[in-house]
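Ligands are counted one by one from 1 in listed order, and the atoms in each one are counted from 1 as well.
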Amino acid sequence: MLELEHTTKTHDESRQGEALDMLATGKSTGRKLYIESYGCQMNFSDSEIVASILLDNGFETTKDYKEADVVFINTCSIRENAEQRVRNRLKEFESAKSKNPGMIVGVLGCMAERLKSKFLEEEKLVDVVVGPDAYRDLPNLIDKVDDGSKAVNVLLSREETYADINPVRLNSNGISAFISIMRGCDNMCSFCVVPFTRGRERSRDAYSIVKEAQDLFQSGYREVTLLGQNVDSYKYTAPAAEGEEQKPTVNFAQLLALVAEVSPELRVRFSTSHPKDITDEVLHTMARYDNICKYIHLPVQSGNSRVLELMNRTYDRAWYMERVDAIRRIIPACGISTDVITGFCTETEEEHQETLSMMDYVKYDFAYMFAYSERPGTLAAKRYEDDIPEEVKKRRLTEVVNKQQEHSLYRLQNFVGKVHKVLIEGFSKRSDQDYCGRNDQNTMVVFPVDERFKPGQYVHVLAERCTSATLMGKIID
Ligand code: SAH
Ligand code: SF4
Ligand code: F3S
């Protein structure tokens with residue numbers, strides 16, 4: 001397994017989430033929900049909506065699936081191994097269910113959408129299959145299972161954004177939160193299953209987003225990350241009430257500004273940007289607000305124009321480089337990260353070299369790197385042969401990973417000796433003698449605890465040393 005597991009967790013399909021112990025509303029029925037999430041941050045964010053819907057229906061949450069009445073697994077289909085992981089996990093639930101036959105097992109998310117009722121045939125322990133746009137129907141579906149039948153709802157919607165549902169923050173540090181600003185994707189990258197599992201793109205009510213950010217800030221949160229598959233195509237027009245004037249459309253740059261205005265003490269991040277759509281207006285907005293973090297995730301996928309065309313990414317190498325130049329010009333200190341796929345259909349050795357040379361050009365701060373995995377139903381699966389042998393994909397991946405390690409180290413070494421504004425997120429993973437938090441560019445910084453400062457506060461940290469993933473230093477306030 002060469003895929004790099006990493007720390008910012010935008011779309012790392014190996015993460016698991018558990019619900020917090022004993023969250024409940026006033027009208028608890030004592031039934032317990034356990035929910036576990038895989039895949040991108042959208043899924044983690046959706047699980048918070050699911051928990052909110054079930055808490056409203058009398059459920060409590062539990063951290064232990066063995067004592068749960070309802071076990072949900074929120075799944076990812078992005079690569080074959082993401083699906084395999086879910087299948088393995090379901091096997092583990094099987095023995096718990098055999099001891100507790102009343103336990104309801106539900107599959108949510110992208111795999112549910114992709115496989116639909118086939119899931120019920122393939123995995124006998126599954127009682128309910130629910131796609132990403134059907135979560136409001138969960139209480140009703142659970143009732144059906146209580147009555148002795150299996151239940152499926154995989155309808156996709158053109159409107160659903162769950163805008164009015166207040167997510168229950170699961171596994172939260174109380175400092176940073178994710179806000180979904182849109183759902184679905186209208187791009188048709190040929191390798192990608194997301195348009196099929198998440199449906200058409202739709203943007204959430206801008207005012208409900210700002211309100212969520214305000215509420216989070218008031219409850220002590222200091223960082224929000226705005227989430228969408230392609231945030232640059234965010235576009236919201238409020239429906240005009242009768243006799244009222246039409247309100248102007250809010251684009252992504254304007255939404256960023258609205259959220260940044262909530263408070264200068266609230267950090268704003270976002271993911272994912274699409275190279276074809278990221279505008280100078282967005283870059284200028286980032287430059288204008290100190291509290292919009294100077295960090296852009298700009299997936300390149302490949303550095304070669306022919307491969308990009310086969311991938312249907314709708315930009316070429318020169319366009320991508322121009323966007324990187326624009327970022328460097330407008331926001332000189334901006335961190336840039338990326339996603340890379342190696343061994344896409346027909347990729348030659350020379351074309352692979354162009355991905356490596358693109359990496360040299362940008363010197364990414366960070367990258368998520370994957371060997372191409374053919375997904376059933378995608379354009380690439382229909383049109384092209386998955387003809388690059390597994391060993392070649394993996395060898396190219398190793399080259400990409402090694403190159404990225406050099407660049408990550410290079411970026412971090414450049415941070416050493418400089419002072420970084422860091423939002424304290426909590427104790428470091430290794431020791432409660434140390435705090436950790438991120439700088440503007442999303443790099444993890446670790447430094448000794450100073451009693452004067454608490455998680456949720458900003459401190460200035462002088463970086464003294466680094467590894468290829470972490471800066472180490474001390475508070476200088
Ligand atoms: N919306 C984001 C990406 C979402 S999927 C974007 O457009 O960039 C996250 C990443 O998974 C993609 O950027 C891509 O690098 C990777 N990925 C998607 N489908 C894949 C596949 N079939 N095989 C390997 N990697 C894939
Ligand atoms: Fe997939 Fe492309 Fe949409 Fe990203 S932009 S989710 S890679 S189809
Ligand atoms: Fe996300 Fe995986 Fe679905 S990356 S959108 S959970 S296929």
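Heavy-atom contacts of C76 reach the following atoms of ligand 3: 2 (Fe), 4 (S), 6 (S), 7 (S) (cutoff under 4.0 Å). With ligand atoms numbered from 1 in the order given, ligand 3 contributes 5 (S) to contacts under 4.0 Å with heavy atoms of R198. In summary, the atoms of ligand 3 found under 4.0 Å from a heavy atom of Q229, numbered by their order in the structure, are 5 (S). Counting atoms of ligand 2 from 1 in the listed order, those under 4.0 Å from a heavy atom of F191 are 7 (S). Those atoms of ligand 3 that come under 4.0 Å of a heavy atom in N43, given as number and element, are 6 (S). Near R313, the atoms of ligand 2 lying under 4.0 angstrom from a non-hydrogen atom of the residue are 2 (Fe), 7 (S). Taking a cut-off of under 4.0 Å to the non-hydrogen atoms of R79, the atoms of ligand 1 that pass are 11 (O), 16 (C), 17 (N), 23 (N), 24 (C), 25 (N), 26 (C). Within ligand 3, the atoms closer than 4.0 Å to a non-hydrogen atom of S77 are 2 (Fe), 7 (S), numbered from 1 in the order shown.
Looking only at side-chain heavy atoms (C-beta outward), I388 and Y372 stay at 4.5 Å or farther from each other. The shortest side-chain heavy-atom distance between E347 and R396 falls under the 4.5 Å cut-off. Within the 4.5 Å cutoff, the side chain of V50 has heavy atoms near those of the I35 side chain. For the pair T225/Q41, no side-chain contact is recorded, criterion being any heavy-atom separation below 4.5 Å from C-beta on. A heavy-atom distance below 4.5 Å is found between the side chains of I278 and L298. You'll find the side chain of D316 stays beyond 4.5 Å of the side chain of E309, heavy atoms only. No side-chain heavy atom of M311 sits under 4.5 Å from any side-chain heavy atom of C189. Side-chain contact between N312 and N187 is absent, with no heavy-atom pair separated by less than 4.5 Å.
Considering both main-chain and side-chain atoms, H274 never comes within under 3.5 Å of ligand 1 through any nitrogen or oxygen pair. At under 3.5 Å, not a single nitrogen or oxygen of R375, backbone or side chain, sits near a nitrogen or oxygen of ligand 1. Close N/O approach between F370 and ligand 1 is not found [any backbone or side-chain N/O within under 3.5 Å].
Cation-pi geometry between R183 and Y234 is not satisfied (NZ or CZ under 6.0 Å from the ring centre, within 45° of the ring normal). For the pair R79 and F370, the distance from NZ or CZ to the six-membered ring centre is under 6.0 Å and the angle to the ring normal is within 45 degrees. For the pair K32 and F59, the NZ or CZ position fails the cation-pi test of under 6.0 Å to the six-membered ring centre and within 45 degrees of the ring normal.
Considering every non-hydrogen atom in both D215 and S219, the closest pair reads O-OG, 2.6 Å. Minimum interatomic distance between M286 and C334 (heavy atoms only, all atoms of both residues): CE-SG, 4.4 Å. Residues S117 and V152 share a closest heavy-atom pair of CB-CG2, 4.2 Å.
Of all the heavy atoms of C110, the ones lying under 4.0 Å from any atom of ligand 3 belong exclusively to the side chain. At a heavy-atom cutoff of 4.0 Å, ligand 1 is contacted by the backbone of A371 but not by its side chain. Looking at R313 against ligand 1, only its side chain comes within 4.0 Å, counting heavy atoms. Contact annotation for E374 and ligand 1: no heavy atom of the residue comes within less than 4.0 Å of the ligand. Contact annotation: for V194 versus ligand 1, there are no heavy atoms closer than 4.0 Å.
The residue among L397, T378, D339 with a heavy atom at the shortest distance from atom 13 (O) of ligand 1 is D339. The closest non-hydrogen atom to atom 4 (S) of ligand 3, taken over C185, G184, P132, C40, comes from C40.
The salt bridge (Lys or Arg N to Asp or Glu O under 4.0 Å) test with R87 singles out one residue from E92, E122, E80, and that residue is E122.
Residue contact check for ligand 1: N230 places no non-hydrogen atom closer than 4.0 Å to it. Ligand 1 lies out of reach of R198, whose nearest heavy atom is not under 4.0 Å from it. Not a single heavy atom of R198 lies less than 4.0 angstrom from ligand 2. The closest approach between I341 and ligand 1 falls below 4.0 Å for a heavy atom of the residue.
Among protein atoms, those of element N, O or S found less than 2.8 Å away from atom 3 (Fe) of ligand 2 are C185 SG.
Rounded to the nearest 0.5 angstrom, M321 CE and D325 CG are separated by 8.0 Å.
Classified by interplanar angle (parallel below 30°, tilted 30° to 60°, perpendicular above 60°), the ring pair Y315/Y320 is tilted.
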